[in-house]
Amino acid sequence: CNSKYPYIWNITIHLQVANGLSYDHPLYNELQSVAYCTRTQSYIPIILESFEPKIGFGLNRKHRLYLLEHVEEFDYVSYAEEDMLLTPSLLTAFLKEMDKLRLALPLSFQQYFIGFIRYEEDVVGYERVTWEYFPHQINVVNMGSTLGNYVVTTNLNQAIYIMSREQLLLLERRCDFLSKSGQNGFYKELRRAQNQDWKFMSVGVSEWSSSFQQVLQCGMRRIIPVEHFPLFMIHHSSNIAQKRRRRKEHLTMSNWSSIIASKSLAPITIDEAYNTIIYQQYNLHLIEPKRFESTAKWSYHW
């Protein structure tokens, strides 16, 4: 809301919760008090939807149903898990890169979305670390002389997405992105294919909603600019996931810089990177389309 030209926004916050939060709750009043826009001298609207705790992971798909009814009201939509910190600087960097894609690829830019890399503050060394990536799962791809190099990671999970209204409507036409989310037919077949040849990378229901469906089912391509890579690091504020890995397996910002510099010497094509994702990591070649054709569209080829 308080951003500057050319990215000036009228923001709506939509909270979907299963923790008892209501419009009468003191925490809601606290949230509303800090959601103030100095540019307009008014409070940012907060829409609150409460669900019973028994909804469990079903909560992850509810935002899609809301968007199905309201997508025409917004230019951009961001969905994030509750511990992801989307800052104004991240949003501005994202929009600048999408503008760059739009100019360079006017006929196909909507196939791509700018991604983020989750980081946490090291509980010992007090520096940024990532825990979800190994060097061999990081690729640098070349997108031509105008766009240059981008990072593509095998692990697609980032717990957040930002998409334009046009992209969301396109995904709804291509793969029922808004109307048939959650554990749809494709998701069930994907889990079956993964179990046939386990690659130690799960696609859970929450990750499916935030990060995987748009790529694995709908065919979008997640890319992260090499030139401004640090701008696309997003803070996982709970700061506990790093404990899933041994400290020597964490990657620091220095590690990332070295890996990207080395792989930029011989970048691969985006098709080569995504063939690794589609066939070698997530086993899409083992999916039988006829098993789910009646319940979900599937097309990762544009």
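No experiment lies behind these values; they were computed from the predicted model shown.
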Quiz item: So is Arg221 actually on top of Phe113's ring, under 6.0 Å and inside 45° of the axis?
Solution: no
Self-check item: Side-chain ion pair, Glu227 and Lys100, N-O less than 4.0 Å
Solution: yes
Quiz item: Going by distance alone, is a donor N or O of one side chain under 3.5 Å from an acceptor N or O of the other, for Gln16 and His63?
Solution: no
Exercise. Please work out whether the ring planes of Tyr119 and His235 are parallel, tilted or perpendicular, with thresholds of 30° and 60°.
Key: parallel
Quiz prompt | Centroid separation Trp256 to Tyr133 less than 6.0 Å | solution = yes
Quiz item: How about His70 and Phe74: are their ring centres within less than 6.0 Å of each other?
Solution: no
Quiz item: Below 4.0 angstrom, N of the basic side chain to O of the carboxylate: do Arg102 and Asp99 qualify?
Solution: yes
Exercise. May I ask you to check whether His14 and Tyr66 place their ring centers less than 6.0 Å from one another?
Key: yes
Exercise. Give the intermediate values and the outcome of side chain to side chain contact (heavy atoms under 4.5 Å, CB included) for residues Gln217 and Trp208.
Key: CA-CA 10 Å; Gln217 181 181 351; Trp208 177 249; 3.5 Å; yes
Self-check item: Main-chain N/O of Ile277 paired to Gln280 side chain as donor or acceptor, under 3.5 Å
Solution: no
Quiz item: Are any of the side-chain heavy atoms of Asn149 and Val141 separated by less than 4.5 Å?
Solution: no
Exercise. Check whether the ring centres of Phe212 and Tyr187 lie less than 6.0 Å apart, and answer yes or no.
Key: no
Self-check item: Any donor-acceptor pair under 3.5 Å from Thr269 side chain to Glu272 backbone
Solution: yes
Quiz item: Would you say the side chains of Arg222 and Gln158 form a donor-acceptor pair under 3.5 Å?
Solution: yes
Exercise. Can you label the angle between the Tyr28 ring and the Tyr23 ring as parallel, tilted or perpendicular, going by 30° and 60°?
Key: perpendicular
Quiz item: If only atom types and distance count, is the side chain of Tyr76 paired as donor or acceptor with the main-chain N or O of Leu95 below 3.5 Å?
Solution: no
Exercise. Classify the angle between the aromatic ring planes of Tyr36 and Tyr43 as parallel (below 30°), tilted (30 to 60°) or perpendicular (above 60°).
Key: perpendicular
Quiz item: If you round to the nearest 0.5 Å, how far is OH of Tyr282 from CD1 of Ile287?
Solution: 12.5 Å
Quiz item: Are Leu21 and Phe51 connected, step by step, through hydrophobic side chains (Ile, Leu, Val, Met, Phe, Trp, Tyr) whose heavy atoms are closer than 4.5 Å?
Solution: no
Quiz item: With no hydrogens and no angle check, do the side chains of Asp83 and Ser238 hold a donor and an acceptor under 3.5 Å apart?
Solution: yes
Self-check item: Salt bridge present between Glu132 and Arg118 (N-O < 4.0 angstrom)
Solution: yes
